[in-house]
A.B. asks: 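Take this structure, written in structure tokens, and hold onto it; I'll ask about it next.
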Amino acid sequence: MSSASAWPENRRITVSDLQAATDRGERWSMLTSYDVLTAGIFEQAGVRGLLVGDTSAELVLGYSSTLPVTMAELISMTRAVVAGTMTALVVADLPFGSYQAGPEVALANAVRHLKEGGAQAVKLEGGSRVLPQVRALVSAGIPVMGHLGLTPQSVNVLGGMRRVQGRGDAGEQLLADALALERAGAFAVVLESVPADLGSRVSAALRIPTVGIGAGPGCDAQILVWQDMAGLTTGRLSRFVKPYGNMREGLLTAARQYASHEAAPTKR
Ligand code: KIV
């Protein structure tokens with residue numbers, strides 16, 4: 001560890017390092033990553049945790065929702081992210097269908113993420129209904145990140161993806177779910193698309209870090225889908241997304257120059 005930074009430089013960041021940063025009031029960030037090159041770049045930039053998210057279903061594999069992505073697909077992306085990094089904590093998503101049936105199936109799939117993918121932790125969606133799964137994983141030594149608010153794997157029940165969750169009474173339920181996840185042993189909770197005041201309230205109530213995505217600045221950490229962060233994603237972005245670059249434009253310009261250069265008539 002260097003004297004300048006409390007973050008490890010010669011080993012992977014652990015969930016205890018994230019908790020320690022939160023305890024000392026230091027904000028930290030996460031991004032999604034699905035491949036070896038972006039993983040290395042994000043780590044170099046100081047992003048502490050990388051999520052091999054099931055958003056890869058849409059952004060890498062071209063599915064129309066997160067539901068179809070499989071364990072095998074996420075494991076091979078997780079392996080790539082692990083291969084591209086030395087210090088970042090790598091969290092692998094448990095995809096739809098890989099944990100809902102109960103603690104046994106959840107444990108078997110989480111073990112695969114650690115053994116075959118090399119992840120250090122897993123993430124699953126939901127509150128009270130997944131507590132038995134969280135307890136089973138944690139007691140097997142697998143760090144678990146919860147995910148509340150907008151939970152894309154429940155798109156068919158939620159009736160759409162853009163609704164802010166946790167307004168009114170639903171906010172009390174979300175707070176209760178977050179506290180229950182903490183008691184069950186989760187090391188952090190993602191809060192997606194919830195009102196900023198609820199994000200702050202949950203963050204104040206929990207000891208473990210909250211990781212916000214569209215949950216306001218009061219969360220302990222922030223996460224974004226990397227293609228949204230870098231300005232690569234097409235179409236309408238969620239209101240909370242602030243692109244930090246225009247990678248789509250940069251890539252398009254480079255590809256156009258390449259295409260027109262290669263299409264130019266050659267001298268004989
Ligand atoms: O799968 C994912 O990328 C996520 C983030 C949006 C938090 O769950």
Side-chain angles (χ1 to χ4, degrees), residues 18 28-35 38-39 42 47-71 73-78 80-81 88-100 109-110 113 117 119 121-127 130 134 143-155 158 160-166 174 178 181 186-194 199 202-203 208-216 219-230 232-233 235-243:
L18 299 182
W28 43 273
S29 60
M30 293 186 64
L31 280 173
T32 63
S33 179
Y34 322 104
D35 69 280
T38 63
F42 301 154
V47 174
R48 308 301 178 185
L50 298 175
L51 171 67
V52 186
D54 60 4
T55 41
S56 54
E58 295 157 290
L59 293 164
V60 176
L61 301 171
Y63 298 131
S64 60
S65 78
T66 63
L67 302 190
V69 71
T70 64
M71 278 298 300
E73 286 164 337
L74 283 174
I75 286 170
S76 68
M77 289 186 254
T78 301
V81 169
L89 177 87
V90 179
V91 183
D93 239 345
L94 283 169
F96 179 65
S98 70
Y99 62 93
Q100 286 86 350
N109 283 313
H113 265 327
V122 299
K123 176 169 85 57
L124 47 69
E125 295 184 3
V130 296
V134 175
V144 178
M145 176 176 256
H147 185 154
L148 295 172
L150 180 62
T151 48
Q153 290 179 13
S154 305
V155 59
L158 295 173
M161 281 294 293
R162 291 193 178 270
R163 281 211 333 241
V164 173
Q165 305 293 310
L174 192 146
L181 284 168
F187 75 89
V189 183
V190 170
L191 300 177
E192 179 167 355
S193 206
V194 305
V202 175
S203 305
I208 58 171
T210 54
V211 184
I213 172 163
C219 294
D220 301 301
Q222 299 290 330
I223 183 165
L224 277 179
V225 169
W226 85 257
Q227 292 90 340
D228 293 349
M229 178 279 299
L232 181 62
T233 316
R236 205 154 61 90
L237 291 176
S238 303
R239 254 182 307 133
F240 58 77
V241 172
K242 175 183 176 219

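What you see below is based on every heavy atom in this structure, not just the backbone, and it leaves out hydrogens, waters and symmetry mates. Numbers for residues simply follow the sequence, beginning at 1. Order of listing sets the numbers, starting from 1, for every ligand and every atom in it.
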A.B. asks: Minimum heavy-atom separation for Ile208 to Ala186, with atom names?
C.D. replies: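 Smallest heavy-atom distance, with atoms named: CD1-O, 3.4 Å.
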
A.B. asks: Between Val91 and Met30, does a side chain to side chain contact (heavy atoms under 4.5 Å, CB included) hold up when you go through it step by step?
C.D. replies: CA-CA 10 Å; Val91 183; Met30 293 186 64; 4.0 Å; yes

A.B. asks: So, is Asp93 polar-close to ligand 1, with some N/O to N/O distance under 3.5 Å?
C.D. replies: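 Yes, since at least one N or O of Asp93 sits under 3.5 Å from an N or O of ligand 1.
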
A.B. asks: Starting from atom 2 (C) of ligand 1, which protein heavy atom do you reach first, and at what distance in Å?
C.D. replies: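 Result for atom 2 (C) of ligand 1: Thr55 OG1, 3.3 Å.
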
A.B. asks: Find all atoms of ligand 1 within a distance of less than 4.0 Å from any non-hydrogen atom belonging to His147, and give their numbers and elements.
C.D. replies: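 Contacts of ligand 1 toward His147, numbered from 1: 8 (O).
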
A.B. asks: Would you mind checking which non-hydrogen protein atom is closest to atom 8 (O) of ligand 1, with the distance to 0.1 Å?
C.D. replies: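 The protein heavy atom lying closest is Lys123 NZ, 2.9 Å.
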
A.B. asks: Is Glu125 close enough to touch ligand 1? Criterion: a residue heavy atom under 4.0 Å from a ligand atom.
C.D. replies: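 Checking ligand 1 against Glu125, which is what was asked, there is no heavy-atom contact under 4.0 Å.
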
A.B. asks: Which atoms of ligand 1 sit under 4.0 Å from any heavy atom of Gly53?
C.D. replies: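 It comes down to these atoms of ligand 1: 1 (O), 2 (C), 3 (O).
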
A.B. asks: For His113, which of Val52, Leu94, Val90 qualifies under side-chain contact (heavy atoms from CB on, under 4.5 Å)?
C.D. replies: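 In the set Val52, Leu94, Val90, the residue that makes a side-chain contact (heavy atoms from CB on, under 4.5 Å) with His113 is Leu94.
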
A.B. asks: Indicate the atoms forming the closest heavy-atom contact of Ile213 with Val190, along with that distance.
C.D. replies: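 Ile213 and Val190 have their closest heavy atoms at CG2-CG1, 3.9 Å.
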
A.B. asks: Looking at every non-hydrogen atom in both residues, tell me the closest pair between Trp226 and Leu31 and how far apart they are.
C.D. replies: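 Taking Trp226 first and Leu31 second, the nearest heavy atoms are CA-CD2, 4.1 Å.
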
A.B. asks: State, to 0.1 Å, how close Met71 and Asn109 come at their nearest heavy-atom pair, and which atoms those are.
C.D. replies: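 Looks like CE-O, 3.2 Å.
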
A.B. asks: Could you find the nearest protein heavy atom to atom 5 (C) of ligand 1 and give me its residue, atom name and distance?
C.D. replies: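 Here the closest protein heavy atom is Leu51 CD2, 3.8 Å.
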
A.B. asks: For ligand 1, which is the ligand I care about here, please tell me if Tyr34 has any N or O atom under 3.5 Å from one of the ligand's N or O atoms.
C.D. replies: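 In this structure, Tyr34 places no N or O atom under 3.5 Å from an N or O of ligand 1.
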
A.B. asks: Just which atoms of ligand 1 are under 4.0 Å from any heavy atom in Ile213?
C.D. replies: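 In order of number, 6 (C).
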
A.B. asks: Go through the steps for Gln227 and Thr55 under the test side chain to side chain contact (heavy atoms under 4.5 Å, CB included), then give the verdict.
C.D. replies: CA-CA 10 Å; Gln227 292 90 340; Thr55 41; over 6 Å; no

A.B. asks: Using a plain distance cutoff, I'd like to know if Thr32 has any nitrogen or oxygen under 3.5 Å from a nitrogen or oxygen of ligand 1.
C.D. replies: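 Between Thr32 and ligand 1 (N or O atoms, distance only) the closest approach is not under 3.5 Å.
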
